[in-house]
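Have a look at the structure below before the remarks.
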Amino acid sequence: MVYRGADGVVRAMTAYCKHLGADLGVGDVVGDDLRCPFHHWRYGTDGRCSHIPTGDRIPQAARLFTFPVSEKWGIIWVFWGAEPPFEVPTIPTFDEKTMVSKSGQIPMDEPLVVDSWVFGTNIFDFAHFRAVHGIENLSPDVERDGHRMRWSVDNFIHEAVGRVTMTVEKWGPNISVTHGVRNGEFLGHLAASSPMGREGTKFFIVAVTRLESDDDEGRATADRNLDQILALHTDLLNEDLPIMNTLRLGEAHMTAADRQMARYLHYVRSYPRTTMAELERSVLPARGDGRAASAPSASGPAASAPSAAANAGSE
Amino acid sequence: MDGTETTTAAAAPAAAPTAAPTAAPTATNDERDERRPGLWEPMRSGGHQCWYPVLLSSDLARGSPPASTSATAGSWSTAARTAWSAR
């Protein structure tokens with residue numbers, strides 16, 4: 001759940017009230033605080049419950065997990081975890097004084113029902129570029145530097161953009177960045193995906209190009225470039241979509257041509273994960289036995305009943 | 001070592017890598033959450049700790065209702081209505 005307080009700061013917190021599990025996404029914002037729609041418990045910017053209208057003592061466990069948030073490229077980003085190992089990537093050589101960008105979602109022909117990391121393997125599946133997208137002769141080496149994997153080609157050819165000398169970066173399981181040159185024009189993009197519950201996995205994109213001259217002609221050229229970048233990635237995504245959505249994730253027999261994809265899958269497999277329950281436990285006060293106090297699950301009121309009963313009995 | 005790793009075609013193994021998926025062969029998309037061990041590990045073990053884009057900045061005004069994937073009001077789906085915003 002995300003909201004923007006009166007101070008203009010965006011915050012992201014656990015989506016469910018610690019009282020009875022009401023969805024805070026249907027609550028409201030009061031100043032910089034968040035108010036639950038059910039009984040008007042209020043939560044401060046640190047995620048702690050700050051007010052209960054009945055005057056009851058506030059349970060120590062009435063605390064939401066607050067996620068790291070970033071606003072970059074006109075997009076609100078939420079880090080699923082406590083400490084990001086890297087910041088939201090930038091597009092190399094991007095200069096806000098001389099370049100322009102557009103941000104939005106990539107329109108999809110149908111909802112994508114696979115997780116981000118599954119779709120992310122396409123970046124390193126060079127054989128599929130030819131078979132699915134008609135892009136020939138891509139077999140670059142891949143360099144890995146921490147959480148960034150990168151490859152470059154001088155022969156990326158697609159009808160939406162023509163021939164581009166391009167570098168492609170992949171950050172973690174869900175973010176990709178490209179930057180390249182076509183006939184002297186800079187073309188760049190950043191795309192990232194998020195699981196959106198029943199709506200499936202959504203893709204956001206930022207397209208970037210240089211504003212060669214700040215006049216009508218220059219702006220028209222930049223707009224054309226930005227729209228071509230969006231068209232390229234819309235085409236690529238929607239060509240992959242029916243295959244991804246019907247993929248049988250079973251036994252696979254990879255060959256030598258799949259080695260870079262296999263490396264990436266190996267990286268993703270070891271990539272750290274966490275659950276909402278783990279994150280919520282991490283902010284609760286330690287109990288006398290050295291364990292963190294049990295937290296109501298984000299899954300709903302039934303799971304929180306034991307701790308709720310304990311509070312009612314002791315207070 | 002400077003932390004940079006490069007694998008070239010010549011250095012890569014010719015045989016199928018040991019990291020190849022080993023999930024149950026009959027798993028389908030519908031069954032994925034139940035049967036995806038090994039490399040195609042299910043998300044039930046937790047989400048990847050990474051940055052997720054959730055909303056365009058312009059879709060979340062000061063004091064506006066909160067947004068979430070679960071809520072029916074102020075849902076993150078509002079972002080879908082903003083197709084293309086310049087900055």
Side-chain angles (χ1 to χ4, degrees), chain A residues 1-4 6 8 10 15 23-29 34 71 74-81 88 101-105 113 115 117 141-146 172-174 192 194 196-197 199 204 246 248-256 259 262-263 265-266 269 271-275, chain B residues 3-9 12-17 19-29 32 36 39-41 43 45-58 60-77 79-80 82-87:
Chain A
M1 177 275 307
V2 298
Y3 73 97
R4 189 189 299 276
V10 177
D23 188 342
L24 296 169
V26 293
D28 53 7
V29 178
L34 189 65
E71 275 198 275
I75 293 171
I76 295 168
W77 302 77
V78 175
F79 180 77
W80 182 260
V88 174
S101 66
K102 284 184 178 178
S103 304
Q105 278 194 26
V113 296
D115 296 327
W117 65 272
D141 295 334
V142 176
E143 177 184 283
R144 179 176 170 187
D145 181 7
N174 71 322
S194 286
M196 295 287 189
E199 296 179 25
F204 287 75
T246 53
R248 175 174 289 190
L249 299 176
E251 184 179 7
H253 301 283
M254 293 191 175
T255 65
R259 58 189 171 276
R263 284 183 68 213
L265 285 168
H266 186 72
R269 189 180 186 182
Y271 195 91
R273 296 172 182 254
T274 191
T275 64
Chain B
T4 300
E5 173 194 348
T6 302
T7 295
T8 65
T22 55
T26 56
T28 67
N29 261 5
R32 187 183 320 114
R36 200 170 59 187
L39 196 61
W40 299 103
E41 191 177 359
M43 290 297 283
S45 61
H48 286 119
Q49 296 189 40
C50 53
W51 289 102
Y52 293 98
V54 296
L55 208 61
L56 294 179
S57 291
S58 55
L60 192 65
R62 294 180 191 219
S64 64
S68 79
T69 53
S70 53
T72 54
S75 167
W76 284 354
S77 64
T82 305
W84 199 229
S85 69
R87 69 189 278 259

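Remember, it's a predicted structure, so these values are computed and weren't measured experimentally. Because only heavy atoms are used, hydrogens play no part in the values below, and waters and symmetry mates are left out as well, while side chains stay in. Quick note on labels: first sequence line is chain A, next is B, and so on, each numbered from 1.
Residues meeting the ring pair (Phe, Tyr, Trp, His ring centres under 6.0 Å) test with A:W77, sequence neighbours left out: none.
Of all heavy-atom pairs spanning B:H48 and A:Y271, the tightest one is CD2-CD2, 3.7 Å. The two atoms that bring A:N174 and B:W51 nearest to each other are ND2-O, 2.8 Å, heavy atoms only. Closest non-hydrogen pair, A:T274 versus B:Q49, comes out as CB-NE2, 3.6 Å. For the residue pair B:P66 and A:L34, the shortest heavy atom distance occurs at CG-CD1, 3.8 Å.
At distances below 3.5 Å, at least one donor-acceptor pair connects side-chain atoms of A:R4 with backbone N or O atoms of B:L60. Side-chain N or O atoms of B:Y52 include none that pairs as donor or acceptor with a backbone N or O of A:F79 at under 3.5 Å. Judged purely by atom type and a 3.5 angstrom limit, A:S194 uses its side chain to pair as donor or acceptor with the backbone of B:P53.
With values rounded to the nearest 0.5 angstrom, B:S64 atom OG is found 11.5 Å from A:Y3 atom OH.
Using a 4.5 Å cut-off between heavy atoms, A:A6 contacts chain B through its backbone alone, with no side-chain atom that close.
Taking 4.5 Å as the limit, some side-chain heavy atom of B:L56 sits within range of a side-chain heavy atom of A:F204.
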Intermediate values then yes/no, side-chain contact (heavy atoms from CB on, under 4.5 Å), B:L55 and A:I75:
CA-CA 6 Å; B:L55 208 61; A:I75 293 171; over 6 Å; no
